[in-house]
Amino acid sequence: MAQVEKIGPASLTFSKAAQAAGLSAASLVQRFATRDAMAEAVLLHAWDKLDAATAAADAEAPVNPAGAIGLLLRLSPGETAGCDVTDGLLLLREDIRNPVLAARGAAWGACLAKAVGRRLTGSAADAERLGWQMASVWQGAIIWWAFRRNGESATMIRAALEDWCRSVGVPSARPLIAANPDTRPDQGIA
């Protein structure tokens, strides 16, 4: 994967992949048949890793707005965001062009939006909408931080997410279910 991030999927060759993997190019040709199939396999493996990281973050984050922010920060690239964003654009291009990879991206986005949204409100209809919005703000915050480098990435991304929560009326530090035991979970945040 490091080789693909470095040179981009379009520049990946059997020879370059073989050097990175410590295998012969002939072995890779035999396994994948085409360069495109090899690149797709590498990128599907990356999606598998992202799915696993998302599931782990979802399982461990508290079910409240602060948990939504924590989940997204856990998936953020950290201080390497500037490099990761530029390298990621090469991968994103391939993910969008390839229907199999695009479907994986769409499925991951839906899973992420659901995980984030259920931490923001008890309303299923609002959860999906808010989850997609917050995921979009998160991605935008990563990109704009990479351009501006105006502080530590996690601090700036957290600030953008907390600001978005305030702007849509979601208190970013209050739990989803109020302390009152008579409050039903489907009532959302008071």
Side-chain angles (χ1 to χ4, degrees), residues 1-2 4-6 8-9 43 45-98 101-176 188-189:
M1 186 65 199
V4 174
E5 288 175 343
K6 182 179 175 183
L43 294 172
H45 179 69
W47 279 114
D48 290 343
K49 288 173 53 178
L50 184 57
D51 286 342
T54 303
D58 184 27
E60 296 170 13
V63 182
N64 58 40
I69 292 170
L71 186 156
L72 293 172
L73 287 174
R74 183 169 166 180
L75 297 175
S76 296
E79 295 309 309
T80 62
C83 294
D84 291 347
V85 167
T86 56
D87 294 342
L89 291 175
L90 295 172
L91 304 178
L92 183 61
R93 178 180 180 268
E94 190 65 24
D95 284 335
I96 291 170
R97 289 180 42 203
N98 179 315
L101 298 170
R104 282 297 294 273
W108 174 74
C111 178
L112 181 65
K114 182 178 179 181
V116 170
R118 71 184 180 87
R119 289 171 165 80
L120 302 173
T121 181
S123 163
D126 289 340
E128 181 177 1
R129 177 179 54 81
L130 292 172
W132 277 109
Q133 287 178 9
M134 189 175 207
S136 297
V137 169
W138 168 62
Q139 288 291 288
I142 292 170
I143 292 168
W144 289 118
W145 177 84
F147 278 119
R148 297 170 51 188
R149 311 285 173 112
N150 56 336
E152 193 174 283
S153 65
T155 302
M156 302 313 293
I157 294 166
R158 176 184 297 281
L161 295 172
E162 288 174 346
D163 185 51
W164 175 82
C165 284
R166 283 188 299 277
S167 72
V168 297
V170 174
S172 61
R174 284 198 19 214
L176 176 62
I189 298 173

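Hydrogens, waters and symmetry mates are skipped; everything else that's a heavy atom, side chains included, is used.
Contact detail for I96 and A102: the closest heavy-atom pair is O-CB, 4.0 Å. The two atoms that bring L130 and V168 nearest to each other are CD2-CG2, 4.4 Å, heavy atoms only. Taking all atoms of both residues into account, the shortest heavy-atom contact from S76 to W138 is OG-NE1, 2.8 Å. When every heavy atom of W164 is checked against every heavy atom of V137, the shortest pair comes out as CD1-CG2, 3.5 Å. Closest heavy-atom contact between A115 and L71: CB-CD1, 4.1 Å. Between R119 and A68 the shortest heavy-atom distance is CD-N, 3.5 Å.
Here D51 pairs with R104 in a salt bridge; the nearest charged N to carboxylate O distance falls below 4.0 Å.
Rounded to the nearest 0.5 Å, atoms CD1 (I157) and CH2 (W145) are 7.5 Å apart. In this structure, L75 CG and L50 CG are separated by 6.5 Å, a value rounded to the nearest 0.5 Å. Distance check: T54 OG1 to W108 CH2 gives 5.5 Å after rounding to the nearest 0.5 Å.
Within the 4.5 Å cutoff, side-chain heavy atoms of R118 are placed close to those of D58. Side-chain contact between N98 and L43 is absent, with no heavy-atom pair separated by less than 4.5 Å. The shortest distance between side-chain heavy atoms of V116 and L72 falls below 4.5 Å. Between M134 and C165 there is a side-chain heavy-atom pair separated by less than 4.5 Å.
Annotation for Q133: atom CD counts as buried by contact number, over 12 foreign heavy atoms lying within 6.0 Å.
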